[in-house]
Number of protein chains: 2
Amino acid sequence: MTSTPQDSPRRGRYHHGDLRSALVRTGFDLLAKSGPAAFSVAQVARELGVSTAAPYRHFPDRAHLLAAVATQAAEELAAELERAAELAGPDPAERFAATAGAYVRFVSARGAGFTVIFATELQALHDQTLATAGRRLMDLLLDLAHEATGLGPEHSPRLLEQHIALAHGYVALHADGFFSRRQHTVEHLADQAVEASRTLLRGLATPRHGP
Amino acid sequence: MTSTPQDSPRRGRYHHGDLRSALVRTGFDLLAKSGPAAFSVAQVARELGVSTAAPYRHFPDRAHLLAAVATQAAEELAAELERAAELAGPDPAERFAATAGAYVRFVSARGAGFTVIFATELQALHDQTLATAGRRLMDLLLDLAHEATGLGPEHSPRLLEQHIALAHGYVALHADGFFSRRQHTVEHLADQAVEASRTLLRGLATPRHGP
DNA sequence: GTCTATAAATAGATAGAC
DNA sequence: GTCTATCTATTTATAGAC
C-alpha cells in the first residue's frame, strides 16, 4: 500500500490550505446530520481526518466553532427566505407566508434554525458577525411582516412572533419525532406551515366578533 | 418523610420504601430544572443520595426511566389542559385556545412537552403505559379542537396541528433563549400563544378571499 | 499547523459484596 | 435492594514534539 500524505484524506497529515473554513463546513454538515446534541469538536475533526487537537488552533473552544457555524446558517437561511419570498410573487401576504415553508425546509435539511442562531450559549460570546447575521435575518422577516399587514406597523412584531413560533414548532416537533409515522413528509409540513401562516394573517385581518 | 433512621438522606444507605417512584419524581424535577440534555441516570441517583448503580435495579436503562418520567408528564399535562379548558368557560373556541397557554406554562415549568412524551427514542420501547397516556392527551385535545371548529370534523386534525405547533414553537424558542432579553415572561408568552390560537381559529372561519 | 499523548469530566452500564 | 468498585466510551481542552 502506497501511503503518500495525499493518499487518504482521513489518514496522516491534513494538508488543507484552509482548515478553518473546512471545520465550519463540516461542522454545519454534522449539525444537519446528527442535530445540535451530537455536535462535538472531536467529531468534526474526525470527519475531516484531522486530530482532535487541530480545531483548537482555529477556534478557542467549542462555542466559538458553533458560533461560526451559526453565522453561516443565519446567512444561508436569510438567503433562502428571501428566495422563497421572491418565488411567491407580488402578493405581500403570500411572500410572508412563503417564508414559513422555507424555514421548515431549511431547518429540516440543515439542522440549524433560530434556536441555534440565537442560542443563549452563543449570545454570551458577543460574536459580532453572528449578531449581525442574526439581525439581518430578523430585519428581513420584519420587513416582510410589515408589508403583509395592512394594519399599521405596531402589529408586525406580534404577527412575526406568531409566524416564527408556528414555523419553528412544526420543524421542532418533526425533528423530535412527534409527526413521525404518517404521511408527514417535510414538504407536507412546509405546506402546512405556509397554510397556517396564511390563516394567521386572515385571522388578524378579521374583526374580533366574527365575519 | 424528612428524617430517615440515618442522619442525612444524602449519605449512607437509602431506606426509601419506594425508590422506583422516587426516581421518577426526581427525574422529572431534574428535567424541569436542567432540560432533557442534562437528564442522566447518574444525576438522578446523586440527587436522591443513592449510588449510581441503584437505579438499574428498577429500570433496565436510561430510556426506560425517561419513559416513566414522560408518562407522568403526559398525565399531568393532560390534567393541566383539562383544567385550563374548564377555567376558560363555556365558549368552545376559548376552551380550545386556553390549552395553548396551559401548554406554554406547563412545559416552561416542568420541562416536558410533546417532544419528550412522543420522542422517537421512547416510542421504540413500545411502553404501553406511555402510549396510553400519550393517546389520552391527544384525544383530549382532538375533542376540544372538534368542538371549537364549526366546520365539520375533517378540519379538526389540521387545526390541532397548527395549534400544537404554535404553542410548542413559543415554548421551544423561549427555552432556547430566542425570546430572552425582553419583557417576555412565561405569562406573556402564554397569553401570546392563546391569542395566536384565537387568531388561527378566526382565520379558519373566514372565507379565503377576505371578510 | 498539525500531530501524539494525556488529563479531567461525565456518562452508561455491570460484577460481586453485603 | 443497595453499595463499592470498575470498565468502556466520549468529550473538552492542553502540553510538547515535529
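Remember, it's a predicted structure, so these values are computed and weren't measured experimentally. Per chain, numbering begins at 1; letters A, B, ... match sequence-line order.
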Atom-to-atom span, NE2 of B/His58 to C1' of D/dC3 - whole angstrom: 13 Å
Please enumerate all residues that pass salt bridge (charged side-chain N to carboxylate O under 4.0 Å, His left out) together with B/Arg83, with sequence neighbours excluded. B/Glu80
With the sugar-phosphate defined as primed atoms, P, OP1 and OP2, and the base as all remaining atoms, what B/S/- string results for nucleotides 9-15 of chain C, 5' to 3', for protein heavy atoms under 4.0 Å? --SSBBB
With sequence neighbours left out, write down each residue that passes salt bridge (charged side-chain N to carboxylate O under 4.0 Å, His left out) with B/Glu195, or none if nothing qualifies. A/Arg208, B/Arg198
Sequence neighbours excluded, the answer for salt bridge (charged side-chain N to carboxylate O under 4.0 Å, His left out) partners of B/Asp143 is none
What residues, two or more places apart in sequence or in another chain, satisfy side chain to side chain donor-acceptor pair (under 3.5 Å) together with A/His163? A/Thr99, A/Ser197
Whole-Å distance between D/dT2 P and B/Leu48 CG? 10 Å
According to salt bridge (charged side-chain N to carboxylate O under 4.0 Å, His left out), who are the partners of A/Asp29, at least two apart in sequence or on a separate chain? A/Arg110
